[in-house]
Protein chains: 2
Amino acid sequence: MTKADISLKGTKVQPLKKPRTELEPGARRRKKFDDKRQFILETALSVFSKYGFHGTTIEQIANSADISKTNLFYYFSNKEELYLTILENILNDWLKPITVFEEVDDPEDVLKNYIRLKLELSRDQPEASRLFCLEIIQGAPILKGYLENELKSILQDKSKVIESWVSKGKIKPINPIQLIFFIWSTTQHFADFNVQVKAITGKDLSNKKFFEETCSAIQQLIIDGLKRPRL
Amino acid sequence: MTKADISLKGTKVQPLKKPRTELEPGARRRKKFDDKRQFILETALSVFSKYGFHGTTIEQIANSADISKTNLFYYFSNKEELYLTILENILNDWLKPITVFEEVDDPEDVLKNYIRLKLELSRDQPEASRLFCLEIIQGAPILKGYLENELKSILQDKSKVIESWVSKGKIKPINPIQLIFFIWSTTQHFADFNVQVKAITGKDLSNKKFFEETCSAIQQLIIDGLKRPRL
DNA sequence: GTCTATATGGCGATAGAC
DNA sequence: GTCTATCGCCATATAGAC
């Protein structure tokens, strides 16, 4: 294993327990523990997304979270576990929007809706988007298996929806996967290349007007680009 | 300066001398020196693009280039100089395609041409694209100044071309910067997210059929998306 | 749970022989 | 120009007191 590889190493990453509603004995303590863990996770996401796994030190994270280095090791047994837990959480959020693809609906509504949801994700979770991008760009050492299995099968499923639109003549012929890539790339660009966007336009998605302008620009381009040519 | 920051530190990065045609005394030796430097640069690009600046060790690069660690330090005085020289080279290639934007031309030709050139870059220099992306995503500590000045002014220039197309009614109204972002994001996606693309489609741009299919899908979507609505 | 040491190992960079 | 040996630093992680 080279320095640069990060693997699961058999580490079991236990998902965060949801805080319980009934406060049994010990529940309050557990909640406090979970809350602090959650807080560290959020802080760590922010740091990891700036400097990458290797560029980030435990001390940086500890400082940002206002705890000591050793204390951090009380909540996460090592750097990898911390990193993996974050990636796992990101993946869930990243996938949610795609559920809007349903055959019954009108393509225009579905596509507009999906584009907006993805762009909202770029606006509200830009750090998560960037960490995800960092992971993929470096060969997805952790997520590769996931991409080839779960993600692939989800996309095949959604592709059928798009194909049905094509065969019903609702949109013009296009490779469904290409269409999805197109939406992913244009929307994520505003999170991943945020610095470049801001350097050139002076704005980013947190600017409401810029968000709306961007959203409708992408929506229009895709909707109009998919209209069947008139005979 | 945190561990993760990489700055110019006043380091002057001297561009590689072009090998001379006339072989003066000492020229042959210099050429050999330059060639080896160039070879190290190419090897290092490959490694940096996989693991990032901090994830890459000098030893990895040296091994890949089949030289010793100390020998590498003979050609580059430190890790940063090596990294900076690479980034500088990338920037040049990255910008070349945009010169196709000229007002005199037909928008459809220009856009199709530009999309193809950018996609060729994603196909032929995917590692450079990924290293560039790594740099931007992490806040462009080195390139930020460049983005805000040179790149911004180039884009403002090219925007005028696009605006003239709009005002002449050749394409429908669109924010020129947004249009350029769309082309950048959709084409670079196939280099930066190459692993994801390959995991899902089983192919990448090195596959000729896939390249052509992708190229025309992007071209069509953008060209058709920009067509003026018929009255 | 949180703290003060401290062990351990890796990595960038240099010295100096050849 | 290339090599062997090594320095010095810094980051992860642990031990053990409180």
Side-chain angles (χ1 to χ4, degrees), chain A residues 1-11 13 17 26-41 43-44 47-48 50-86, chain B residues 1-11 13 17 26-41 43-44 47-48 50-86:
Chain A
M1 162 155 157
T2 86
K3 179 199 169 200
D5 284 327
I6 309 159
S7 67
L8 283 158
K9 252 190 182 175
T11 317
V13 177
K17 275 77 177 177
R28 187 180 301 268
R29 175 181 303 164
R30 145 154 278 148
K31 178 166 170 6
K32 209 177 165 192
F33 178 86
D34 289 343
D35 282 355
K36 190 152 184 182
R37 242 180 93 100
Q38 186 59 37
F39 179 71
I40 295 171
L41 282 172
T43 311
V47 185
F48 276 134
K50 277 197 201 75
Y51 306 117
F53 181 81
H54 297 287
T56 299
T57 70
I58 293 287
E59 199 167 13
Q60 273 178 287
I61 298 171
N63 288 342
S64 302
D66 253 306
I67 56 175
S68 70
K69 228 176 12 168
T70 19
N71 195 211
L72 196 153
F73 280 113
Y74 175 76
Y75 287 92
F76 295 89
S77 53
N78 58 52
K79 197 181 175 183
E80 280 196 15
E81 188 200 330
L82 181 54
Y83 185 75
L84 287 171
T85 310
I86 293 170
Chain B
M1 161 158 157
T2 86
K3 177 201 168 197
D5 283 327
I6 307 160
S7 68
L8 281 159
K9 249 191 187 173
T11 317
V13 178
K17 275 77 176 179
R28 188 180 299 268
R29 177 179 301 162
R30 146 155 277 146
K31 179 169 170 5
K32 208 176 164 192
F33 179 86
D34 288 344
D35 283 355
K36 189 150 185 182
R37 241 180 94 99
Q38 185 59 39
F39 179 71
I40 294 170
L41 283 172
T43 310
V47 185
F48 276 135
K50 278 196 200 75
Y51 306 116
F53 181 81
H54 296 287
T56 298
T57 69
I58 293 287
E59 202 168 11
Q60 271 178 289
I61 298 171
N63 288 341
S64 302
D66 253 307
I67 57 174
S68 69
K69 215 169 38 156
T70 18
N71 195 210
L72 195 154
F73 280 112
Y74 175 75
Y75 288 93
F76 296 89
S77 54
N78 57 53
K79 196 181 177 183
E80 280 196 14
E81 189 200 330
L82 181 54
Y83 185 76
L84 286 171
T85 310
I86 293 169

For [N], does either OP1 or OP2 sit under 4.0 Å from a side-chain N or O belonging to [X]?
X: S68(A); N: dT2(C); answer: no
X: Y75(A); N: dT2(C); answer: yes
X: Y74(B); N: dG1(D); answer: yes

Report the distance from atom [atom1] of [X] to atom [atom2] of [N], rounded to the nearest whole Å.
X: F53(A); N: dA11(D); atom1: CZ; atom2: P; answer: 14 Å
X: Q60(B); N: dA13(C); atom1: CD; atom2: C1'; answer: 17 Å
X: I40(B); N: dG1(D); atom1: CD1; atom2: P; answer: 12 Å
X: I67(A); N: dC3(C); atom1: CD1; atom2: P; answer: 9 Å
X: E59(B); N: dA5(D); atom1: CD; atom2: P; answer: 15 Å
X: K69(B); N: dT6(D); atom1: NZ; atom2: C1'; answer: 10 Å
X: K79(A); N: dT8(C); atom1: NZ; atom2: P; answer: 21 Å
X: L82(B); N: dC11(C); atom1: CG; atom2: C1'; answer: 15 Å

**Prompt:** Where the side chain of F73(A) is defined as all heavy atoms beyond and including C-beta, which of dT14(D), dA11(D), dG1(C) is the nearest nucleotide?
**Reply:** dT14(D)
**Request:** State which of dT12(D), dG1(C), dC3(D) makes the closest approach to the side chain of R29(A).
**Result:** dG1(C)
Quick one, [X] and [Y] - any side-chain contact, counting heavy atoms below 4.5 Å?
X: F53(B); Y: H54(A); value: no
X: K69(B); Y: L72(B); value: no
X: Y83(B); Y: I86(B); value: no
X: L82(A); Y: F48(A); value: yes

**Request:** Map F33(B) and T70(A) onto DNA chain D by nearest heavy atom, then report which one ends up closer to the 5' terminus.
**Result:** F33(B)
**Request:** Hey, could you give me the OH/CD1 distance between Y75(A) and I67(A), rounded to the nearest 0.5 Å?
**Result:** 7.5 Å
**Request:** For K36(B), answer base if it contacts any base atom (sugar-phosphate contacts may also be present), sugar-phosphate if it contacts only those atoms, and nothing otherwise; contact means non-hydrogen atoms under 4.0 Å.
**Result:**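 Counting heavy atoms under 4.0 Å across all strands, the contact made by K36(B) is with sugar-phosphate only.
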